[in-house]
Enquirer: 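Have a look at this one before I ask anything.
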Amino acid sequence: MPEITKSYEARNVEAKWYAAWQEAGCFAGKAAEGQETYTIVIPPPNVTGILHMGHVLNNTLQDALIRRARLEGKAALWVPGTDHAGIATQTMVEKHLKKEEGTSRHELGREKFLERVWDWRHEKGDKILRQLRELGCSCDWDRTHFTMDEGYSRSVRTAFVSLFEKGQIYRGKRMVNWCPVSKTALSDEEVEMRPTKGHIWRLRYELVEPVGELTHIVLETTRPETIAADVAVAVHPRDERFKDLVGKKVWRPLGERVQIPVIADEAVEMEFGGGALKVTPAHDKVDFEIGQRHGLEVIECIDADGTLNELAGAEIAGMERFAGRKKAVEVLEANGSLIEAKPYENNVGYSQRAGVPIEPRLMQQWWLRYPRVEEAKQVVREGHVQMHPARWSKVYLNWLDNIQDWCISRQLWWGHRIPVWYAKGLDKETLTEADLRDPAKIHVSLDGPADPENWDQEEDVLDTWASSWLWPMGTLGWPDADEQKQANFDAFYPTTTLATGADIIFFWVARMIMAGLEFARPGEPVERRIPFRHVYFNGIVRDKQGRKMSKTLGNSPDPLDLIERYGADGLRFGLLQIAPLGQDVKFDEGRIEGGKNFCNKLWNACRFRTMSGEMSDNRTLAAILDRLDGDQMDEDDHAILAALLDTMDTLEKSFAEFEFATATQRLYGFFWNEFCDWYVEVAKTRVQDPAAKQHALAVQDLVIRQFLLLFEPFAPFISEELWHVMGYGREGKFLQDNRLETAETLAASLTDAGCAVDASASTRVEQLQTFTTLARQLKAEQSVAQKRDVTFQLQASDEAWTMVEPHLAKLVRLIGTESITHTAEEPSLPAVVSPFGTLYLDTGIKVDPAAERARLNKELTQVEKHIGGTQARLANEAFVSKAPPAVIEGARKQLTDLEAKREEIRRLLNTL
RNA sequence: GGACCCUUAGCUCAGUUGGUUAGAGCGCUUCCUUGACAUGGAAGAGGUCACAGAUUCGAGUUCUGUAGGGUCCACCA
């Protein structure tokens, strides 16, 4: 028998078992012919990222799902990997280069710079994957993928080429969200609207020729620095105030002194500002559209880096855009155009990553018309892809309903370079749709043209999400037939569950669905093409004040530190206990500590079991069942086994519903309260009885065994350790090599073993528990809680006494008394009314009648209050005639019981 | 402007299809180091379930509205 330490030391076992699992290839995703599979692809973290609490939650959930699937006998595969994270990684390396070497990517040049990024990736990357091992994640590490690996890159290019050939991809000059810091275009999804405090300036634009009384038009703007790029002033066509002005000209108040027309356009809000709008097509999306409708010129006065150029006007040219804004206001004030400056808060689009306002800009970019939009809606509407919680479907469908073409090109270097080659000398700015489809001018292919010397490859790379949207397929070998075979694409696709955060439902989830439908198994039914069947959205981990955890706030605990202090299992279990379906998680370190304490409780329960008696053959369930003795089955056995079956049932349901908090809470309550606090305590007595000992210990062995199987998905390390300590495992075998019985099959096995579980015993055990609590309560009230030399007398009917008598030995021990005797007398002693009769406590000290009366009166008041309520209900004619009979019956019985109790308390009061 | 979520004990949260006296963990009070566990045990205090209506014999639970908090989408310059 191995020596078991007094408390559970996670560090002693975690590394050991992880190494053993890996050595034995426990995590390999292998599917036998016809075997049911369970596949998860990890949401690939940034390759240079480090583990934070969000990852812990997300990956613990996935690991729980995967480990449970293994125990259910499915071929489980969890594919790990990382994302190259274009902007984030490139920015990180650029910063590093600037700080450490004072150089920049432009100084290095594309090739050298990319070498440096690769160095960085090899040196610092994948740290997060190693950290996931600390957490116990059972990924199939041999299948680790990286979005920039050659194989994966090939799938990215394949998708691009295919979509290009289908005409879904085009190059076009349109308004894009330009990030002046990262110096790249962004998709709409990467722009975050933030309320921003600033000013709005009320300005006058002088009419070239007065119209009647009118000498100028009043309008308001938040962006005076762009005035020099104004090409018109727009008013609403039905606005009476301006009907005579349309077609007239005004002087542009900044920059070159030119006349611009007043035009009428529906897009103008009459109620806003003065009812007129300055039109700056180059720097505003709406203005651009107006400009298109009216054939207006586009003047760009802001450059790519966010500085104002010479077209912005001599006064502000060369200035940074916000400094230029200030200066522009001064100029406007000086030339009499400024009427008023008002503090103003409006929504400004920010680059999500760089955190600066984006600049709408007119540019040539690559665009994708999303494929399979209708199918993508259909699969969710029809439940082929189920979202949990379901409400996210609505968000998803709403987005697809309003979907816009996706700007997929990025002006970065770190990423998948777009597989498009331009014939040398071709003017890329003036390409037409026909040019795009002309193989003499544009070459699009996986591997490039045969005569590269005559071509220039596109400089831009793809949006990171235009690679990760292929993740479930690319990691399973698509599109290469051999690789797919090797990865067993056939068996593992579609994946089963995607666990991720709702914040990337558009970025990633929706796009993966469209990609899957477009590329996977062409021609087959949608349910074979979708990338996953379930999407589980886990909440965001927040701090105690409800704020998102972030590096800048410094409010995020270091998961590795938490693992160090509470063990990986404690962290996992504690976190899942507070992670309700679809709600954010407010991080509470107390719960993590609770997880650790629970592990310790489990540890000690097992330790106690090994101390209670010789360990017998625990190697199989059958061996344990063999040791059960039907003749020794008492109510406590029935109750604990019924609770075990119920727990198994609850776990099965909660896994199906992704209700992890329910699952962990049931496990906690079952093991700690039902098993340790009651069953193990009562069994202490039975273990003293040679006739009952083997049976009572076998029940414990059974309960612990089944519990470990249920617990392992949440806490794999301690479960594995105890599995071996308790002798459930064999040399070279692991917990996961066993199958998890269902509640039904275990119940059937118990029946076969002559120990059919009678769930109704639970009620009677509850009465014994109540009895115990009342007796302890009485002792505490009489200030003899710790004394064991007191005696109890139970005044009970013969029938009630027969219910208590078989349990006397246990009760005496649990309550801490010398004896409980059956009495017909009515002693003058402190008493309490129990389910079995009136229980008297003899402490050997004289009773204080006043104190006793006070105590009983308090009790009486409570009972009477309750009686009142119940009587009122039963007196209600409507209740009696309409409520279901069972409910009425329950109320009647309750009333009878309460009245009996009341009488007994009154009688006791009279004896004082 | 559109959609969604939340509000239950001091704190963090459970409360299944409406049905006895609303639960857990932490914290708090009292007692206990008795031979699994002080990372523990026993007992206890603590809640008008945000508010107002409606439906119902009966509402924490269903519906409507209000207030407060949060999220997403749209973006009036």
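Every chain is numbered from 1, with letters handed out A, B, ... down the list of sequences. Here the structure is a predicted model, which is why all the values come from computation and not from measurement.
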Enquirer: Using atom C1' of each nucleotide, how far apart are C6(B) and U39(B) to the nearest Å?
Expert: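 To the nearest whole Å, 33 Å.
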Enquirer: Identify which nucleotide among A77(B), U39(B), C57(B) has an atom closest to any side-chain atom of L277(A), counting heavy atoms from C-beta outward.
Expert: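 The answer is A77(B).
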Enquirer: In terms of the angle between their ring planes, are F675(A) and F671(A) parallel, tilted or perpendicular, with boundaries placed at 30° and 60°?
Expert: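 F675(A) vs F671(A) ring planes: tilted.
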Enquirer: Between G19(B), U21(B), U12(B), which nucleotide has the shortest distance from any of its atoms to the side chain of V887(A)?
Expert: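 So the nucleotide nearest the side chain must be G19(B).
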Enquirer: Closest to the K882(A) side chain: A77(B), C57(B), A43(B)?
Expert: C57(B)
Enquirer: Within the structure shown, what part of the strands sits under 4.0 Å from T773(A) by heavy-atom distance: base, sugar-phosphate, or nothing?
Expert: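 The residue T773(A) makes sugar-phosphate contact but no base contact.
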Enquirer: Any side-chain N or O of Q777(A) under 4.0 Å from OP1/OP2 of G44(B)?
Expert: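 So the side-chain polar atoms of Q777(A) do come within 4.0 Å of the phosphate oxygens OP1 or OP2 of G44(B), strictly under.
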Enquirer: Could you tell me whether K394(A) contacts a base, only the sugar-phosphate backbone, or nothing, with contacts defined as non-hydrogen atoms closer than 4.0 Å?
Expert: sugar-phosphate
Enquirer: State whether the distance check finds a donor on one side and an acceptor on the other, under 3.5 Å, for side chain K6(A) versus base C37(B).
Expert: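 Side chain to base: no pair below 3.5 Å.
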Enquirer: Any idea which of C31(B), G25(B), C57(B) is nearest the Q786(A) side chain?
Expert: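 Looking only at heavy atoms from C-beta outward on Q786(A), the closest nucleotide is C31(B).
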Enquirer: Using a 4.0 Å heavy-atom cut-off across all strands, classify N346(A) as base, sugar-phosphate, or nothing.
Expert: sugar-phosphate
Enquirer: So, do F537(A) and Y396(A) have ring centers that fall under 6.0 Å from each other?
Expert: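 When the ring centroids of F537(A) and Y396(A) are compared, they turn out to be at least 6.0 Å apart.
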Enquirer: Considering only side-chain heavy atoms of Y668(A), which listed nucleotide, U71(B), C37(B), G25(B), is closest?
Expert: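 Minimum distance to the Y668(A) side chain belongs to G25(B).
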Enquirer: Should the side chain of N347(A) and the base of C75(B) be counted as holding a donor-acceptor pair, with the cut-off at 3.5 Å?
Expert: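 Yes.
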Enquirer: Distance check, P atoms only: G25(B) and G40(B), in whole angstrom units.
Expert: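 Here G25(B) and G40(B) have their P atoms 11 Å from each other.
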Enquirer: What's S7(A) touching, base or sugar-phosphate or nothing? Going by heavy atoms closer than 4.0 Å.
Expert: base
Enquirer: Just compare C37(B), C4(B), C75(B) and give me whichever is closest to any side-chain atom of R391(A).
Expert: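 My answer, after comparing the listed nucleotides, is C4(B).
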Enquirer: Categorize E220(A) for me: base, sugar-phosphate, or nothing, with a 4.0 angstrom heavy-atom threshold over every strand shown.
Expert: base
Enquirer: Remember a base hit wins even if backbone is also touched, and classify Y344(A) as base, sugar-phosphate or nothing at under 4.0 Å, heavy atoms.
Expert: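 If one applies the 4.0 Å heavy-atom cut-off, Y344(A) turns out to touch the sugar-phosphate alone, with no base involved.
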Enquirer: Would you indicate what F506(A) reaches in the nucleic acid, counting non-hydrogen atoms under 4.0 angstrom: base, sugar-phosphate, or nothing?
Expert: sugar-phosphate
Enquirer: Is the shortest side-chain N to carboxylate O distance from E589(A) to R565(A) below 4.0 Å?
Expert: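 Looking at R565(A) together with E589(A), the answer is yes, because their closest N to O distance falls below 4.0 Å.
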Enquirer: Classify the nucleic acid contact of N876(A) as base, sugar-phosphate or nothing, counting any heavy atom under 4.0 Å across all strands shown.
Expert: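 Answer is sugar-phosphate: N876(A) comes under 4.0 Å of backbone atoms only.
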Enquirer: Any donor-acceptor pair, under 3.5 Å, between the side chain of E681(A) and the base of A42(B), if you only look at N and O atoms?
Expert: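 Between A42(B) and E681(A), which were checked side chain against base, a qualifying N/O pair under 3.5 Å is absent.
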Enquirer: Using a heavy-atom cut-off of 4.0 Å across all strands, would you classify V286(A) as base, sugar-phosphate, or nothing?
Expert: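 The answer is sugar-phosphate, as V286(A) gets under 4.0 Å only of primed atoms, P, OP1 or OP2.
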Enquirer: Base, sugar-phosphate, or nothing: which does W672(A) touch, judged by heavy atoms less than 4.0 Å apart?
Expert: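 Since only primed, P, OP1 and OP2 atoms lie under 4.0 Å of W672(A), the category is sugar-phosphate.
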Enquirer: As a test of reading the structure: which of U34(B), G40(B), C76(B) is closest to the side chain of R788(A), going by heavy atoms?
Expert: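 Per side-chain heavy atoms of R788(A), the pick is U34(B).
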Enquirer: Would you say the ring centroid of F598(A) lies under 6.0 angstrom from that of F670(A)?
Expert: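 Judged by ring-centre distance (under 6.0 Å), F598(A) and F670(A) do not meet the cut-off.
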Enquirer: Pairing of RNA chain B as dot-bracket, 5' to 3': ( ) intra-strand, [ ] crossing, | other strand, . unpaired, with Watson-Crick or G-U pairs under 3.5 Å?
Expert: (((((((..((((.....[...)))).(((((.......))))).....(((((..]....))))))))))))....
Enquirer: Which part of the nucleic acid, if any, lies within contact of K684(A), taking any heavy atom under 4.0 Å across all strands shown: a base, the sugar-phosphate backbone alone, or nothing?
Expert: base
Enquirer: Given C75(B), C57(B), A42(B), identify the nucleotide with an atom nearest to the side chain of M193(A).
Expert: C75(B)
Enquirer: Remember a base hit wins even if backbone is also touched, and classify R202(A) as base, sugar-phosphate or nothing at under 4.0 Å, heavy atoms.
Expert: nothing
Enquirer: Please classify the nucleic acid contact of A891(A) as base, sugar-phosphate, or nothing, using heavy-atom distances under 4.0 Å.
Expert: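 Result for A891(A) = nothing.
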Enquirer: R591(A) has a side chain; which of A43(B), A77(B), G25(B) sits nearest to it?
Expert: G25(B)
Enquirer: When we call it a touch if two heavy atoms are under 4.0 Å apart, what does A605(A) touch: a base, just sugar-phosphate, or nothing?
Expert: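 Here A605(A) touches the bases of the nucleic acid.
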